[in-house]
Amino acid sequence: MSSSSESSNFIRDIIVADIESGKHEGRVQTRFPPEPNGYLHVGHAKSITLNFGLASEFGGKCNLRFDDTNPEKEETEYVDSIIEDVRWLGGDFGVKPLYASDYFQQIYDWAVELIRKGKAYVCDLSAEEVRATRGTPTEPGIESPYRNRSVEENLDLFERMRNGEFPDGARTLRAKIDMASPNFNMRDPVMYRILHAEHHRTGNKWCIYPMYDWAHGQCDSIEKITHSICTLEFEDHRPLYDWFVEQLGIFHPQQIEFDRLSLTYTLMSKRKLLTLVQQGLVESWDDPRMPTISGMRRRGYSAEGLRNFARNLGVSKTNGITELSRLEYYIREDLNRTATRVMGVLKPLKVVLTNYPEGQVEWMEAVNNPEDPSAGTRQVPFSRELYIEQDDFREVPPKGYYRLSPGKEVRLRYGYLVTCTDVVKDPATGEVTEIHCTIDPATKGGTTPDGRKVKSTIHWVSAAHAVTATVRLYDTLFTVENPGQAPEGGVFTDNLNPKSLEVITDAKLEPALANAKPLDRFQFERLGYFCVDKTSAADKLVFNRTVGLRDTWAKVEKKG
RNA sequence: UCCCCGAUCGUCUAAAGGUAAGACAGCGGCCUUUGGAGCCGUGAAUCGUGGUUCGAAUCCAUGUCGGGGAGCCA
């Protein structure tokens with residue numbers, strides 16, 4: 001929809017140039033390679049949108065490939081959630097996802113090949129010894145005493161590693177590159193470690209597992225990936241990525257790095273998100289306050305809105321931080337087009353229409369979506385006793401306030417024009433408990449046959465017909481723009497917003513909402529967008545506020 | 001300290017040696033049966049210093065600042 005207005009980016013430029021030059025016969029193949037060690041978050045949405053978007057734009061394919069080379073951190077639960085999230089975002093990866101673990105045998109065979117070529121060796125140094133001999137930024141590392149073992153010995157040892165003859169950590173397979181390289185990644189990096197751990201897919205078939213650097217490029221090569229797009233922190237790994245495919249003489253994908261997404265007030269570290277879940281600081285990975293795809297979906301964010309956000313972010317190599325308001329803009333933009341309008345009162349104030357007949361009910365026609373005439377209309381019951389929003393009445397209106405107050409007239413949307421005649425207060429507290437109004441019978445439907453202008457139109461719900469619901473109002477999970485950064489002497493969870501969730505249990509909604517189903521999205525007029533929670537049931541409705549409407553009055557009032 | 005990468009409105013991105021543009025956010029207005037949406041308008045930037053060039057955001061040098069890098073994590 002908004003794709004036509006986008007400009008190019010440096011990655012697309014590279015692809016265009018490659019197609020023009022005939023590289024890979026003009027073929028474009030990308031991949032999205034998550035590690036199944038957590039749930040996907042909005043940062044991944046950017047990568048998904050980019051990789052699948054590029055593939056589709058140039059008539060290519062994008063694989064979903066699990067980077068499952070570390071059995072100690074990876075689980076099937078994560079695999080399942082990732083598949084669901086990628087599909088929901090519209091990522092078309094064909095009939096099934098791929099797994100690095102599917103290629104373990106090929107990767108092993110290639111390791112043997114490198115040993116035969118004298119490019120890899122079995123090293124008996126412990127992890128501590130490897131660290132101690134790696135050198136520093138200014139000093140070269142020290143070559144391992146096992147570096148010059150014979151090919152035969154390396155072959156034998158490596159096979160025995162695979163056969164489980166050695167305990168965890170006893171030996172590694174290392175690439176023989178350059179211990180003096182200024183790039184640490186080239187100082188004889190570990191290719192395989194011994195891990196007697198059960199893998200979520202290969203079970204106990206393997207007790208040695210390839211490291212990221214040794215697996216990733218080879219997987220890309222196997223899948224004939226043309227453009228392997230990853231984030232900036234892998235820039236230093238590119239020389240190693242290239243070295244492995246060159247030594248093997250296999251298909252050579254091009255690694256291209258771009259900036260990962262950072263969002264204000266949002267945590268993007270899987271490890272820290274895991275902490276929130278494990279410590280019970282949020283309900284779950286899909287808590288609507290979480291920046292996870294599943295959390296955002298549950299909150300009511302639409303896939304289209306998320307995609308538009310991601311598409312319009314741009315792609316570069318600068319590490320910046322995007323304002324949360326930008327995400328909210330694209331969510332609102334999409335929901336404005338698509339969400340059915342309804343009326344709901346969050347904090348009810350009883351209104352009695354003193355000149356409206358008791359027992360009378362009129363069904364008023366209401367527009368379902370002014371942005372989409374095909375959405376049609378519905379009937380909303382109107383009666384003598386209504387609820388309006390507490391915020392829509394002020395006994396003493398501040399400057400610029402043009403909702404209801406004593407003696408003032410407002411329009412009840414799709415109802416009547418009403419004038420406030422009386423205020424009933426609790427004698428003990430002085431709190432307004434009820435207000436009385438009179439309707440102008442000539443204004444049925446909210447029309448003004450005399451052409452009279454009213455400053456304000458407010459929403460309402462017929463008290464007798466209202467359904468009661470729980471509504472959860474969310475604010476940012478954190479109070480600071482960069483929540484990953486712990487305050488002085490504290491931990492990052494100190495940044496949590498104690499008011500990130502407000503639960504309203506007696507919201508009054510128009511009766512049509514009684515049939516709302518989980519994940520249904522609505523605009524509660526004048527309030528915001530709301531999504532039916534997955535725990536909602538007909539006898540216990542639960543709505544999550546996705547995002548509020550822009551509220552200019554709140555801004556005016558705040559400024560005083 | 002060494003290596004790699006980066007630096008354009010408040011924020012995110014454009015401008016491929018030739019008028020610094022758009023979006024979000026802000027501000028002002030119009031319109032409105034949502035103080036929503038929409039529409040119109042407006043303020044706002046090339047990190048510093050040298051150099052090359054008729055001409056530099058763009059090329060070169062240098063400085064500064066920011067990010068990443070010494071896992072048997074990815």
Side-chain angles (χ1 to χ4, degrees), chain A residues 2 5-9 13 33-35 37 67 69-70 72-74 123 125-127 130-132 134-139 141 168-174 181-185 187 189-195 208-209 211-213 215-216 230-239 257 259 261 264 270-271 312-330 332-333 336-337 341 343 366-367 370-371 400-403 411-415 417 443 445-448 454-459 523-528 548-557:
Chain A
S2 29
S5 62
E6 289 158 49
S7 48
S8 195
N9 63 64
D13 292 345
E35 182 188 14
N37 66 343
D67 219 332
T69 57
N70 185 355
E72 294 183 325
K73 292 186 178 172
E74 297 152 7
C123 180
L125 257 25
S126 68
V130 168
R131 193 180 316 127
R134 185 144 23 225
T136 70
T138 47
E139 301 162 86
D168 287 2
R171 289 178 223 263
T172 56
L173 183 73
R174 290 226 257 168
S181 172
N183 183 345
F184 281 103
N185 296 124
R187 320 247 263 221
V190 171
M191 294 166 64
Y192 270 101
R193 76 283 216 186
I194 300 173
L195 235 42
I208 58 172
Y209 291 91
M211 298 289 291
Y212 166 83
D213 286 305
H216 201 90
C230 63
T231 42
L232 254 22
E233 69 271 24
F234 293 103
E235 219 154 8
D236 285 337
H237 294 245
R238 182 161 17 102
E257 311 85 13
D259 61 321
L261 171 66
T264 56
K270 275 202 242 178
R271 205 195 92 243
N312 284 282
L313 276 171
V315 179
S316 73
K317 300 186 72 152
T318 59
N319 8 50
I321 181 154
T322 298
E323 289 175 348
L324 187 59
S325 60
R326 195 182 178 87
L327 170 59
E328 293 182 334
Y329 170 83
Y330 285 101
R332 285 195 190 101
E333 185 200 38
N336 175 52
R337 283 195 295 255
R341 270 61 169 174
M343 291 197 284
V367 173
E371 305 293 322
Y401 184 89
Y402 40 84
R403 273 108 97 152
R411 171 187 290 112
L412 295 177
R413 184 135 158 108
Y414 305 125
L417 268 59
T443 60
T447 55
T448 49
V454 269
K455 270 291 219 181
S456 187
T457 298
I458 66 175
H459 60 277
Q523 182 196 95
F524 290 7
E525 292 212 28
R526 305 208 307 129
L527 297 175
L549 252 25
R550 274 186 65 219
D551 190 346
T552 24
W553 163 245
K555 239 175 346 195
V556 170
E557 193 178 32

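Predicted, not measured: the structure shown is a model, and the values here were computed from it. The figures that follow rest on heavy atoms only: side chains count, while hydrogens, waters and symmetry mates do not. Here is how names work: the chains are called A, B, and so on, in the same order as the sequence lines, proteins then strands, and each is numbered from 1.
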Mind listing the N/O atom pairs, protein and nucleotides 67-69 of chain B, below 3.5 Å?
| unit_1 | atom_1 | unit_2 | atom_2 | d |
| --- | --- | --- | --- | --- |
| B:G67 | O2' | A:Asn319 | ND2 | 3.0 |
| B:G68 | N2 | A:Asp236 | OD2 | 3.0 |

With sequence neighbours left out, what residues match A:Glu557 under salt bridge (charged side-chain N to carboxylate O under 4.0 Å, His left out)?
A:Arg394
Between the protein and nucleotides 23-29 of chain B, which nitrogen or oxygen pairs come in under 3.5 angstrom?
| unit_1 | atom_1 | unit_2 | atom_2 | d |
| --- | --- | --- | --- | --- |
| B:A23 | N3 | A:Arg326 | NH1 | 3.3 |
| B:C24 | OP1 | A:Tyr329 | OH | 3.0 |
| B:C24 | O2' | A:Ser325 | OG | 3.4 |
| B:G26 | OP1 | A:Lys555 | NZ | 3.2 |

Test of understanding: with side chain to side chain donor-acceptor pair (under 3.5 Å), list the residues that count as partners of A:Thr322, not counting sequence neighbours.
none
Using the ring-ring contact (aromatic ring centres under 6.0 Å, His included) criterion, which residues pair with A:Tyr212? Sequence neighbours excluded.
A:His216, A:Phe234
Any residue meeting ring-ring contact (aromatic ring centres under 6.0 Å, His included) with A:Tyr414, in chain and number order, not counting sequence neighbours:
none
Only counting residues at least two apart or in another chain, list the ones meeting side chain to side chain contact (heavy atoms under 4.5 Å, CB included) with [X].
X	result
A:Glu257	A:Cys230, A:Leu232, A:Glu235, A:Arg238, A:Gln255, A:Lys317
A:Pro239	A:Asn183, A:Met186
A:Thr172	A:Cys123, A:Arg174, A:Val190
A:Arg271	A:Ser269

Taking the six-membered ring of A:Tyr329 as reference, does the NZ or CZ atom of A:Arg326 fall below 6.0 Å from its centre and within a 45° cone about the axis?
no
What nucleic acid atoms does A:Gly400 come within less than 4.0 Å of, heavy atoms only: base, sugar-phosphate, or nothing?
base
Mind listing the N/O atom pairs, protein and nucleotides 31-33 of chain B, below 3.5 Å?
| unit_1 | atom_1 | unit_2 | atom_2 | d |
| --- | --- | --- | --- | --- |
| B:U33 | O4' | A:Arg411 | NE | 3.2 |
| B:U33 | O4' | A:Arg411 | NH1 | 2.5 |
| B:U33 | O3' | A:Arg413 | NH1 | 3.3 |
| B:U33 | O2' | A:Arg413 | NH1 | 2.8 |
| B:U33 | O2 | A:Tyr414 | N | 3.3 |
| B:U33 | N3 | A:Gly445 | O | 2.5 |
| B:U33 | O4 | A:Gly445 | O | 2.1 |
| B:U33 | O4 | A:Gly446 | N | 3.4 |
| B:U33 | O4 | A:Thr447 | N | 3.1 |

Would you say the side chains of A:His459 and A:Arg526 form a donor-acceptor pair under 3.5 Å?
yes
Any idea if B:G17 is syn or anti, going by the 90°-from-0 cut?
anti
Stem regions touching RNA chain B, defined by at least 3 consecutive Watson-Crick or wobble G-U pairs below 3.5 angstrom:
B:2-7 with B:64-69, B:10-13 with B:21-24, B:26-30 with B:38-42, B:47-51 with B:59-63
